[in-house]
Amino acid sequence: MEKFLLLMVMFATCCAVHQDLSGKVFIFPKETERAHVKLLTSKTEFKSVTVCLRFFTDLSRTYGLFSLATPGHSNDLTLMKINSDVIRVHARNGVNDFLGLSFPRNTWHSMCVTWGSESGLAQLWVDGKPTVKRFIHSGQPISGAPITTLGQEQDSYGGAFSAQQSFLGMLSEVHTWDYILSGCEIRRYMEDYNFTPGNVFNWRALEFNITGQVLVEDKQECSD
């Protein structure tokens, strides 16, 4: 069964859209239990991981930002906004909350999360500032054919979405690495200055499929 799922993921990767999304955003315009973006990779094991993204929303309720599931773990790596100042991180179905954060609505925010299977420690970076490190789960790498979604949080492998946890707004510059980035490298990402693009998911060469009403548009930016 595992081999079959891996073949399906590899087949989907071959058939996916492959684009340079520099200067673009994914727009999620309405609350729905269907619309999402699926990111595709052939990698099936992660001893460590870093995920970075930028988002813009006016939501105050709970919503998912990044959801990676494998056949054995629906929350193998998940980023969820719980309320006005809490980000919940799942790794290997372990979980911990990062507190005391600030997310004013209707403005762009940059976020990175790191996690290593050896120590089990995770850390967030939000708008250039690091949090404390918190223990989530250790002793097991993320393994298995991954399904990764933006805009929806998976409660089962590849599905069981909930409109009440769907993301509404804009997502951009999603990168994922199969190692823990240094603080200096994360700062370069935050400042959008000469950082190393993700070797798992790379916004400048992204393989993805869109389901439902998700739009790709230019990011609105003004220069002086």
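Keep in mind the model is a prediction, meaning the values are calculated, not measured.
- With a 6.0 Å cutoff to the six-membered ring centre and a 45° limit on the axis angle, R187 does not count as a cation-pi contact of Y193.
- At least one side-chain heavy atom of L21 sits under 4.5 Å from a side-chain heavy atom of V216.
- Note that K219 lies in the cation-pi zone of W108, set by a 6.0 Å cut-off to the ring centre and a 45° limit from the axis.
- Ring to ring, F208 and F26 are close: their centroids are under 6.0 angstrom apart.
- The pair R88-D97 counts as a salt bridge, with a side-chain nitrogen and a carboxylate oxygen less than 4.0 angstrom apart.
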Derivation of the side-chain contact (heavy atoms from CB on, under 4.5 Å) call for L39 and E207:
CA-CA 6 Å; L39 307 181; E207 295 180 275; over 6 Å; no

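- In this structure a side-chain-to-backbone donor-acceptor pair under 3.5 Å is present from Q152 to A35.
- Around the CD atom of E33, the shell of radius 6.0 Å holds no more than 12 heavy atoms that belong to other residues, nucleotides or ligands.
- Checking side-chain atoms of N96 against main-chain N and O of F135 turns up a donor-acceptor pair under 3.5 Å.
- In this structure, the side chains of P130 and Q123 come closer than 4.5 Å at one or more pairs of heavy atoms.
- Put simply, the side chain of E185 gets close to the backbone of T196: a donor and an acceptor are under 3.5 Å apart.
- Smallest separation of non-hydrogen atoms from G183 and W125: CA-CZ2, 3.8 Å.
- Residue V49 is grouped with residue L206 when hydrophobic side chains (ILVMFWY) are merged at heavy-atom distances under 4.5 angstrom, including chains of intermediate members.
- Between G116 and S48, the shortest heavy-atom contact is CA-OG, 3.8 Å.
- Side-chain N or O atoms of S74 include none that pairs as donor or acceptor with a backbone N or O of Y157 at under 3.5 Å.
- Criterion: ILVMFWY side-chain heavy atoms under 4.5 Å apart, direct or through other members. Under it, W203 and F201 are part of a common hydrophobic cluster.
- Residues Y189 and V126 are members of separate hydrophobic clusters, defined by side-chain heavy-atom contacts under 4.5 angstrom among Ile, Leu, Val, Met, Phe, Trp and Tyr.
- The main-chain N or O of K47 is found under 3.5 Å from a side-chain atom of S117 such that the two form a donor-acceptor pair.
- Contact annotation: the side chain of V200 never approaches that of H175 to less than 4.5 Å [non-hydrogen atoms, C-beta and beyond].
- Note that CE of M111 and CE of M190 are 8.0 Å apart. Values are rounded to the nearest 0.5 Å.
- A distance-only check finds no donor-acceptor pair linking the side chain of T149 to the backbone of V37 [under 3.5 Å].
- Atom OG1 of T62 sits about 6.0 Å away from atom CE of M80, to the nearest 0.5 Å.
- No side-chain heavy atom of E217 sits under 4.5 Å from any side-chain heavy atom of K24.
- Using a 4.5 Å heavy-atom threshold, the side chains of V89 and L124 count as touching.
- Distance CG/L53 to CG/L79: 6.5 Å, rounded to 0.5 Å.
- E191 and R188 are not joined by a salt bridge, as no carboxylate oxygen comes within less than 4.0 angstrom of a charged side-chain nitrogen.
- Between F167 and F28, the ring-plane angle classifies as perpendicular under the 30° and 60° cut-offs.
- A donor-acceptor pair shorter than 3.5 Å cannot be found between the side chains of S172 and R54.
- Screening R92, H137, Q140 against D76 for a side chain to side chain donor-acceptor pair (under 3.5 Å) leaves a single residue, R92.
- The minimum heavy-atom distance linking L150 with L171 is given by the pair CB-CD1, 3.9 Å.
- No donor-acceptor pair closer than 3.5 Å links the side chain of K129 to the backbone N or O of T131.
- With hydrogens and angles disregarded, no donor-acceptor distance shorter than 3.5 Å links the side chain of N75 to the backbone of H90.
- Shown here for G212 and R34, the closest heavy-atom pair between the two residues is CA-NH1, 3.2 Å.
- Formation of a donor-acceptor pair under 3.5 Å by the T57 side chain with backbone atoms of L168 is found in this model.
- Annotation for S22 and D20: closest pair OG-OD1, 2.6 Å, computed over non-hydrogen atoms.
- The distance between the ring centers of F161 and H36 falls below 6.0 angstrom.
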Going through the checks in order, is the side-chain contact (heavy atoms from CB on, under 4.5 Å) test met by T50 and T176?
CA-CA 6 Å; T50 302; T176 302; over 6 Å; no

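- Atoms CG and OG, from N83 and S60 in turn, are 10.0 Å apart once rounded to the nearest 0.5 Å.
- No path of Ile, Leu, Val, Met, Phe, Trp and Tyr side chains, each step under 4.5 Å between heavy atoms, connects I210 with I27, placing them in separate hydrophobic clusters.
- Hydrophobic clustering of Ile, Leu, Val, Met, Phe, Trp and Tyr side chains at less than 4.5 Å, counting indirect connections, unites V214 with L59.
- Nearest heavy-atom pair, R105 versus D58, reported as atom, atom and distance to 0.1 Å: CD-O, 2.9 Å.
- The shortest side-chain heavy-atom distance between Y63 and Q165 does not fall under the 4.5 Å cut-off.
- Two residues are said to be in side-chain contact when any heavy atoms from C-beta on lie closer than 4.5 Å; F66 and L77 meet this criterion.
- Rounding to the nearest 0.5 Å gives a distance of 9.0 Å between CZ of F56 and CD of Q220.
- For the pair T114 (side chain) and I180 (backbone), a donor-acceptor distance under 3.5 Å is absent.
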Mind running side-chain contact (heavy atoms from CB on, under 4.5 Å) on I82 and I87 for me, showing each step along the way?
CA-CA 6 Å; I82 300 302; I87 291 290; over 6 Å; no

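- Side-chain atoms of R61 and S166, non-hydrogen and from C-beta on, do get closer than 4.5 Å to each other.
- Within the cation-pi definition used here (under 6.0 Å to the ring centroid, within 45° of the axis), R204 qualifies as a partner of F195.
- For the atom pair OG1 of T78 and CG of L65, the computed distance is 10.5 Å after rounding to the nearest 0.5 Å.
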Steps toward side-chain contact (heavy atoms from CB on, under 4.5 Å) verdict (R134, F98):
CA-CA 8 Å; R134 291 183 176 270; F98 291 80; 3.9 Å; yes

